[in-house]
Amino acid sequence: MSNNRDIIESIPAHIRAMKGYVPGKTIEEVVQAYHPPRISKLASNENRWGHSSQVHDAVQQAMNVANNYPSALANGLRDDLAAHLKCEANQLVIGSGSESLLGLLCRTFFEEGDEIITASATFVGLNIQAHIQNIPVKQIPLTSGYAFDVGAIAASVTEQTKMVYIANPNNPTGTMISQQELDVLMASLPSRVLLVLDEAYVEFAEHLPNYPSTNEMIRRVEESLHPNTLILRTFSKAYGLASFRVGYAIGHPELISALWKTKNTFEPSGISEAAARAALADQEFLAYTVVKSNQARSRFESFLTEKNIPYVPSAANFVMILARDQIDALRITEELLHQGVIVRQLSPFGIPNGVRITVGIEEEMEHLESALAACWNSQN
Ligand SMILES: Cc1ncc(COP(=O)(O)O)c(C=O)c1O
């Protein structure tokens, strides 16, 4: 065997120190390890209602030209999105999932000494992308209600701050910040600070009275009131296309054109672009899935209340329940796995006693509720 020590040791220390993302368990892994009679995969905030049936035809068609490179600007999807969002195409950049766009932000805007400010418990993909670029992340504790503490974040901005990252609704807590909170934050941020609003779950929350208005955000960016704001969106959640890897950013054309320069040229694939265009065109399926998902969530929250299981009210397609401590959260997660219910214990997200559960179709919720009632009662 050849000796590769020199190469390994030359990997920068911050990369060698990384643990890497630990994904939720796959169905195959759970079947192999636990042999449960059935599986409900409720760990990754995917759309349990699937995706629009129109995606199939679009993907078939795109397969016919899969030997060609796709449009580097994802022009078709960009134009469709611009029409859908009522903005200009040059305000949009499309990438392979919003996680890829977070990576893009980290490698486009940062110089030595710059830092990110976010919450102590939010989407781990941000921390990973920042770590890859060796960018320090200042994590501000959540409020007692498990929400982003917008005031504390604004107060902790320093000369080093290049970006403030807010996930709204937040993963894994499901909490959201309101238009008023956002207004205060935007007014307080110096213009050299990029405000990134990650709206991966926007479709589940946008009908709520206080949820920040997309039109208003776009207007502020267009009128250069807050040109330092970028909104991230994804087709992975409500549109049900997690495996296709399509996300996009909305922002000022000058910020967006910087991102086009540093983006991997042919992301997303032509097949993924076609899938996203078909999904976007089928707003009926989107509306159906959002109604179903929100209904499932409120029923599940009533179940939790009835069983005295502490949880944080959610504006997304998942709910975080709170066990006594980390040991209890790990036990509950393990016992649910034994029964074929895959959920996410939240130590990697910074809430060791938390367990995040995606809401699903009726049979999955029945499966979940009976399994959870059994294991919760056994110890609490
Ligand atoms: C807040 C948030 N942002 C981004 C992502 C990543 O989404 P994508 O599949 O588009 O990379 C997730 C996925 O869980 C998320 O929860």
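Counting starts at 1 for both ligands and their atoms, in listed order.
By the 4.0 Å heavy-atom criterion, Y201 is counted among the residues contacting ligand 1. Within the structure, ligand 1 has D198 among the residues with a heavy atom less than 4.0 angstrom away. At a 4.0 Å cut-off, at least one heavy atom of S98 sits close enough to ligand 1 to count as contact.
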Can you give me every donor-acceptor pair (side chain of residues 360-367, partner residue at least two apart or in another chain, under 3.5 Å) with its distance?
residue, atom, partner, partner atom, Å
E364, OE1, I361, N, 2.9
E364, OE2, R48, NE, 3.3
E364, OE2, R48, NH2, 3.4
H367, ND1, S40, OG, 2.7
H367, NE2, Q339, O, 2.8

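Listed by number with element, the atoms of ligand 1 under 4.0 Å from a non-hydrogen atom of A200 are 1 (C), 2 (C), 3 (N), 15 (C). Close contacts between ligand 1 and S236 involve ligand atoms 8 (P), 9 (O), 10 (O) [criterion: under 4.0 Å to a heavy atom].
The pair E203-K237 does not count as a salt bridge, with every side-chain nitrogen at least 4.0 angstrom from each carboxylate oxygen. Ion pairing between D183 and R220 holds under the 4.0 Å rule for side-chain N and carboxylate O.
Here the protein heavy atom with the shortest distance to atom 14 (O) of ligand 1 is K237 NZ, 2.9 Å.
Between H226 and H252, a ring centre-to-centre spacing not shorter than 6.0 Å is recorded. Aromatic rings of F318 and Y201 (six-membered ring for Trp) have centroids within the 6.0 Å cut-off, being under it.
Taking the six-membered ring where the residue is Trp, Y34 and H338 present perpendicular rings, their angle passing 60° and hence far from 30°.
For the side chain to side chain contact (heavy atoms under 4.5 Å, CB included) with L92, the qualifying choice from L77, L259, D79, L85 is L85, the only one to do so.
By the 3.5 Å distance cut-off applied to N or O atoms, S100 is not counted among the residues near ligand 1. Looking at T234 next to ligand 1, an N or O pair under 3.5 Å apart turns up.
By heavy-atom distance, the residue among F123, F244, F349 lying nearest atom 12 (C) of ligand 1 is F123. One option in R356, R245, E46 has a heavy atom closer to atom 11 (O) of ligand 1 than any other, and that option is R245.
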